[in-house]
There are 2 protein chains.
Amino acid sequence: MDERSLRVERPEKTLRELALERMRDAIIASHFKPGERLVERDLCMQLGVSRTIVREVLRHLESEGLVATAGTRGPVVAVTTPEQALQIYEIRGVLEGMAARACAEKGDAKLAATLQAALDRIKSAYGRRRMDLVLDETTEFYRVLFVGAERDVAWGIVNSLTARINRLRSMTIRTPGRDIDGPTQMQRIVDAIRDGHGEGAYHAAQEHVGIASSLARALLADTPAA
Amino acid sequence: MDERSLRVERPEKTLRELALERMRDAIIASHFKPGERLVERDLCMQLGVSRTIVREVLRHLESEGLVATAGTRGPVVAVTTPEQALQIYEIRGVLEGMAARACAEKGDAKLAATLQAALDRIKSAYGRRRMDLVLDETTEFYRVLFVGAERDVAWGIVNSLTARINRLRSMTIRTPGRDIDGPTQMQRIVDAIRDGHGEGAYHAAQEHVGIASSLARALLADTPAA
DNA sequence: TAGGATATTATGGTATGCCAAAACGTCGGT
DNA sequence: ACCGACGTTTTGGCATACCATAATATCCTA
């Protein structure tokens, strides 16, 4: 037993931070459904924390758009209307296009390789029918894209918007043929970036989101609100 | 004294909501400076509310990006780095361009008139050297633009981003000649919208933000961090 | 049985308390 | 004068309490 093993490990995160992550993940994963009432005291029991923490977490989530509070009625999981969902796809289109263009103009071969690796992991997840992993790896792909583009502000926005349409995302990746078409479109993004084609990357990224948007539009025509 | 005067007026907003607005406005108006420590108990005294409310307000403002909390050190007013500020201008450029294009494609004469009225108010504020009003009326102009474009999600993003660079905004509108050039550029946006020119409106909006970005870049070269 | 009145319970808004850790001030030794 | 140890104060993390209002259940009457 040497000196290091006597060291006291201090918790890396506060209870509040842990609870926030847990709640955010639970909403994103549809454990709590859109429109569902989030009763503070129930959450206290589920999370095993006091109301103080629950309320503070709810304030965060309100500001993130994942929770809505209207008048005297308590907090509910936010409902993303079809109109909003389509707006979100549009915004993602312009921001992802912007990031893709910046990556292409950067001319960084290592970045292109990292994106390719991330895309390969998406393909692999599709191949294994691991749809949960497809979403996670897609998020990772875009994180690499925005970090590579040095656009952390836009990444914060896109990531937050994406959380609000996660149910829809989960549905679009399951549409027939998406497992082939989706990675093919993303491959075009990566290729354009590797080749340094700014406009090409911009349009490839926009097209990819545009197609997802069309899929979502069709799905929303069948089952409203996500 | 009739029946109506016996009615109990219930407060429209909770204490928390009022405190949140007050704090947000105070940060935006530079009452609290970037990097300044926001001590909970001090805020309690200044706002006249309990720590509960202060903490919940701080959670909101954290998620909005106006307040930062790092490790064991308490909350501070967020510092927007020059890099972030420039990113924010870039994002505004694409989102405002998108909204302007949507307005132009809408072909709504009433909307164009409302935008013109809003721009006239900006001009009037410039003429009276009321720079605080210039900022307020500019915000109103863009609110009308996004609402007219039916892009409330993008408006939420732009409004929130703009709050983070308000000091810089306050400085750019004060640069020599901006009082003439700014409204001229915005007039081009309004004209393109009135004439139904989608691409024209898009580029006019992008150009306007691009010029503000260049002014900001120059200012940031002199005085870092806002 | 249906509807209204009343009682009870649940819930959000808000304040206060406790405690551990961080920050700051003081003192003594070199 | 500087540094380290120690004591004191400040501060954030977190829990709990109180209260008014909203929601729900129960009871009584027509």
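Below, chain A is the first sequence line, B the second, and so on; all start at residue 1. For the numbers below, each heavy atom of this structure counts, side chains included, while hydrogens, waters and symmetry mates do not.
Here the P atom of nucleotide C:dT14 and the CG atom of B:Leu15 are 4 Å apart, to the nearest Å. Taking atom CG of residue A:Leu43 and atom C1' of nucleotide C:dA10, one finds them 15 Å apart after rounding to whole Å. For A:Glu40 and D:dT16, the CD to P distance is 15 Å, given to the nearest whole Å. We find that CG of B:Leu38 is positioned 12 Å from P of D:dT11, with the value rounded to whole Å. When rounded to the nearest whole Å, the span between CG of B:Asp42 and C1' of D:dT9 equals 14 Å. Regarding A:Lys13, its NZ atom lies at a distance of 15 Å from the P atom of D:dG13, rounded to whole Å.
Nearest to the side chain of B:Val39, among D:dT11, D:dG13, C:dG13, sits D:dT11. When distances are taken from the side chain of B:Thr52 to each of C:dG13, D:dG13, C:dA15, the shortest belongs to C:dA15. Closest to the A:Ser50 side chain, of the nucleotides D:dA15, C:dA15, D:dG12, is D:dA15.
At most 12 non-hydrogen atoms from other residues, nucleotides or ligands lie less than 6.0 angstrom from CZ of B:Arg22. By the 6.0 Å contact criterion, CZ on A:Arg121 is enclosed, its count of non-hydrogen atoms from other residues, nucleotides or ligands being greater than 12.
Between B:Arg51 and B:Glu56, the residue anchored nearer the 5' end of DNA chain C, judged by the nucleotide with its closest heavy atom, is B:Glu56. Toward the 5′ end of DNA chain C lies the nearest nucleotide of B:Ile53, the other residue of the pair B:Arg41 and B:Ile53 mapping further downstream.
Every ring pair (Phe, Tyr, Trp, His ring centres under 6.0 Å) that B:Phe146 has, sequence neighbours left out, goes to B:Trp155. Contacts of B:Gln46 classified as side-chain contact (heavy atoms from CB on, under 4.5 Å), with partners at least two apart in sequence or in another chain: B:His31, B:Phe32, B:Asp42, B:Leu43.
Salt-bridge formation is not detected for the pair B:Arg24/B:Glu21: no Lys NZ or Arg NE/NH1/NH2 atom is positioned less than 4.0 Å from an Asp or Glu carboxylate oxygen. Salt bridge present: A:Glu90 and B:Arg151 bring a charged side-chain N and a carboxylate O closer than 4.0 Å. Between B:Lys123 and B:Glu137, no side-chain nitrogen of the basic residue sits less than 4.0 Å from a carboxylate oxygen of the acidic one, so the salt-bridge criterion is not met.
Non-hydrogen atoms lying under 4.0 Å from DNA chain D are contributed by nothing in residues 58-65 of chain B.
Side-chain atoms of B:Arg16 stay outside donor-acceptor range of the base of C:dG12, with no qualifying N/O pair under 3.5 Å.
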